[in-house]
Amino acid sequence: MSRYKIAVLPGDGIGPEVVTEAVLLLEEIGKQYNHQFDFKYGKIGGVAVDEVGTPLPGETIELCKSSDAVLLGAVGGPKWDNEPPVRKPETGLLGIRKALQLYANLRPVTLFSSLIHSSPLKREVVLDTDILIVRELTGGIYFGTPRERRVGENGVEVVDTLFYTEKEMERIIRKGFELAQGRKKKLTSVDKANVLESSRLWREVANRIAVDYPDVELSHMLVDNAAMQLIRNPRQFDVIVTENMFGDILSDEASMLTGSLGMLPSASLGVSGPGLYEPIHGSAPDIAGKQVANPLATILSTALLLRHSLGLEEEANLVEQAVDKALEQGYRTQDIGSEWERVLCTSQMGEAVRSYLKATIKN
Ligand code: IPM
Ligand code: MG
């Protein structure tokens with residue numbers, strides 16, 4: 001029996017509800033494949049602010065560092081809107097990404113064929129969408145200093161800083177090339193090189209290291225155009241590599257190709273150490289505690305966890321298949337459902353996925 005230590009950080013809003021389903025699913029996988037998952041729970045985000053006064057307690061960082069992988073729900077909510085930056089839930093999330101040096105954020109945008117009608121876009125546009133967004137996660141305007149509000153000669157002024165080193169660019173762009181090698185070998189590097197100095201360097205770096213990956217076709221796209229092309233013709237993309245904030249924005253946009261933000265998982269990987277797995281959606285405070293959230297993004301994040309942190313490819317594939325099957329059978333949560341489909345609550349959707357899993361393995 002193999003044993004794995006999984007740090008679980010449910011966080012705020014719908015985080016705990018969707019994480020519960022992901023944990024139950026991993027337990028089922030463990031039972032069927034004879035793996036033992038040791039789940040240890042930690043606090044992050046608003047709940048941590050409320051209980052211990054900081055969104056990222058040192059204990060949580062230690063817990064994550066001593067685990068094989070981290071499963072996270074979501075952070076944030078209106079309750080903490082007026083807190084100073086050090087007590088904001090989001091600061092906890094950014095902090096754990098930084099503490100674990102999770103520079104590579106993989107956001108696969110895959111359309112499950114049975115959800116084609118849930119996308120607000122036309123069927124012929126979204127058909128066969130299969131994109132991997134590779135977002136830089138520990139640099140750029142999210143982390144640069146100075147960042148402040150101050151009073152100048154003309155009143156209040158604010159400053160945010162977009163800072164990158166060439167090395168930070170190189171490692172994420174290399175990751176993009178490597179991932180493209182395992183797919184359709186097309187890499188689109190997204191920047192704003194017509195305006196930003198950082199983007200000009202980004203483009204230079206991409207061109208320079210392209211020489212090491214002659215089998216991958218590299219192209220450059222300005223971020224505004226990329227936002228438009230994602231909606232116009234998503235099929236043109238294979239792997240997209242981009243800096244932190246562009247990746248944040250484009251991945252929310254791209255989620256609509258799949259029908260719902262509630263469907264998109266993510267993996268955040270570092271140089272070494274544990275990876276962190278979380279849905280790309282937020283804490284959705286408006287529906288928290290109501291058992292209506294879609295757990296599939298978090299369940300699909302466990303597939304990424306099994307694959308990227310534990311090397312359990314077969315188990316990962318099975319989780320993805322199980323989600324596919326549950327959708328094929330017409331099971332939906334409210335975000336992806338329409339009147340003629342069976343709309344389930346959060347725990348029922350989790351159960352639907354698990355029951356497929358049980359049935360398949362027994363056969
Ligand atoms: C995401 C989220 C976070 C981000 C927020 C909650 C800080 O939007 O993971 O995409 O901007 O990175
Ligand atoms: Mg985001």
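Order of listing sets the numbers, starting from 1, for every ligand and every atom in it. This structure is a prediction, so every number in the text was calculated from the model and none was measured.
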Anything under 3.5 Å between a donor and an acceptor, one on a side chain of residues 141-148, the other on a protein residue two or more places apart or in another chain? List them.
| unit_1 | atom_1 | unit_2 | atom_2 | d |
| --- | --- | --- | --- | --- |
| Y142 | OH | R135 | NH2 | 3.3 |
| Y142 | OH | D248 | OD2 | 3.0 |
| R147 | NH1 | I141 | O | 3.3 |
| R147 | NH1 | Y142 | O | 2.9 |
| E148 | OE2 | R150 | NH1 | 3.0 |

Do you know how many protein N, O or S atoms are within a distance smaller than 2.8 Å of the Mg ion (ligand 2)? 1
Can you tell me which residues line ligand 1 if we count any heavy atom under 4.0 angstrom from one of its atoms, in chain and number order? E90, L93, R97, R107, R135, Y142, D248
From R203 atom CZ to L218 atom CG, the distance as rounded to the nearest 0.5 Å: 9.5 Å
Mind checking whether H35 and Y4 have parallel, tilted or perpendicular rings, split at 30° and 60°? perpendicular
Consider only side-chain heavy atoms of I, L, V, M, F, W and Y, link residues closer than 4.5 Å, and tell whether L102 and L304 are in one cluster. no
Any donor-acceptor pair under 3.5 Å from S301 side chain to Y277 backbone: no
Is there a side-chain contact between T54 and V86, using heavy atoms and a 4.5 Å cut-off? no
Hey, does the side chain of E136 reach the backbone of T242 with a donor-acceptor pair shorter than 3.5 angstrom? no
So, do I6 and F39 sit near enough that their side-chain heavy atoms are less than 4.5 Å apart? yes
Donor-acceptor list for residues 254-263 side chains, cut-off 3.5 Å, not counting sequence neighbours:
| unit_1 | atom_1 | unit_2 | atom_2 | d |
| --- | --- | --- | --- | --- |
| S255 | OG | D252 | O | 2.7 |
| T258 | OG1 | S255 | O | 2.7 |
| T258 | OG1 | S260 | O | 3.4 |
| S260 | OG | G262 | N | 2.8 |
| S260 | OG | D335 | OD2 | 2.6 |

